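What you see is a predicted model; the values in this text were computed from it and never measured.
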Amino acid sequence: MADKDAEKDADKDADKDRGVLDALLEQCGQTFAAEAGIRLADRPRPLYQLLVLATLLSARISSGVAVAAARELFAAGYRTPRDMARASWQDRVDALGRGHYRRYDERTSTMLGRGAELLLDRWKGDLRRLRDEAGGDPGRIGELLREFPGIGPTGADIFLREVQGVWPQVAPHLDGRVLDGAARLGLPRQERGLARLAGSGDELARLSAALVRVSTSKKAADEVRSAAAG
């Protein structure tokens, strides 16, 4: 009897978690890459665009401004490392400014130019070569990513969270900010438990982005709880 009661309780908890997860993905489940207009795939151009976005999101600035700045850079034609390297420093500053990324625009313009040159020189403009050099190991990939100007531990985590939908080698990648968001909603604060809930790499990437948003916004967390309860 006790075993059956425990199984029923476990089933109820699983159903509750799934309900919260469904509400979370519905409310906040757009990846930051998708928000920036990046059609993420395992190809050089979108992977580079994700690196640019991770660089912008690493600064102490709102995610909305970082996403807007990424959109402006891409709209200006700087969608590949060669495009970015060929652009003038001032052109990059101007594009960042149009996205209201003004506090860090000059330094970031320099970092983007140097990062594009590094990617071209060392990995022929293709981040898949970086992944292969790392043997697909997430920790080593993170170390290599941190060689890019402006990419520290935070930026590497951002890149890995988003890319896990197309790089199954790095999944699950659920860092502290993701786990903090899970705890705020009463979801498992363990990588394995969350990965089991999500199921696929694509859903993991969406879940990661959603939980990061929840970790920084009480309003978002309350809206998810309300939707799950309803």
- Tyr48 and Trp123 aromatic centres sub-6.0 Å: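 So the answer is no for these two rings.
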
Roughly how far, to the nearest 0.5 Å, is [atom2] of [Y] from [atom1] of [X]?
X	Y	atom1	atom2	value
Leu197	Leu25	CG	CG	10.0 Å
Lys124	Leu119	NZ	CG	11.0 Å
Arg128	Arg43	CZ	CZ	9.0 Å
Glu133	Ile141	CD	CD1	10.5 Å
Thr216	Lys219	OG1	NZ	12.5 Å
Asp157	Arg161	CG	CZ	6.0 Å

Heavy-atom count check: over 12 atoms from other residues, nucleotides or ligands less than 6.0 Å from [X] [atom1]?
X	atom1	result
Arg225	CZ	yes
Arg102	CZ	yes
Glu26	CD	no

- Query: Hey, mind stepping through Leu211 and Leu185 against side chain to side chain contact (heavy atoms under 4.5 Å, CB included) and telling me if it holds?
  - Reply: CA-CA 9 Å; Leu211 288 174; Leu185 292 177; 4.0 Å; yes

- Going by the side chain to side chain contact (heavy atoms under 4.5 Å, CB included) test, name the single residue among Val52, Leu130, Thr55, Leu112 that passes it with Phe148. Leu130

State, to 0.1 Å, how close [X] and [Y] come at their nearest heavy-atom pair, and which atoms those are.
X	Y	value
Gln27	Val224	CB-CG2, 4.0 Å
Ala23	Ala228	CB-N, 3.7 Å
Pro138	Leu160	O-CD1, 4.1 Å
Ala34	Arg71	O-NH2, 4.3 Å
Ala134	Leu144	CB-CD1, 4.0 Å
Pro46	Leu40	O-CD1, 3.8 Å

Can any side-chain N or O of [X] pair as donor or acceptor with the backbone N or O of [Y] at less than 3.5 Å?
X	Y	result
Arg131	Gly136	no
Arg107	Gly150	no
Ser58	Ala54	yes
Tyr78	Arg92	no
Glu162	Phe32	yes
Glu72	Ala95	no

Are [X] and [Y] close enough for a salt bridge, meaning some N to O gap below 4.0 Å?
X	Y	answer
Glu143	Arg140	yes
Asp175	Arg177	no
Lys218	Asp222	yes
Asp180	Arg189	yes
Asp94	Arg98	no
Arg196	Asp17	no
Glu223	Arg213	no

Answer whether the closest heavy-atom distance between the side chains of [X] and [Y] falls below 4.5 Å.
X	Y	result
Ile38	Thr31	no
Arg184	Ser215	no
Arg114	Leu118	no

Is there a path of hydrophobic side-chain contacts, each under 4.5 Å between heavy atoms, that joins [X] and [Y]?
X	Y	value
Ile151	Leu57	yes
Leu194	Val20	yes
Val166	Leu53	yes
Leu127	Met111	no
Leu145	Leu120	no

- Message: Is there a salt bridge (Lys or Arg N to Asp or Glu O under 4.0 Å) between Arg18 and Asp22? Walk through the geometry before answering.
- Response: CA-CA 6 Å; Arg18 187 68 222 186; Asp22 290 343; 2.9 Å; yes

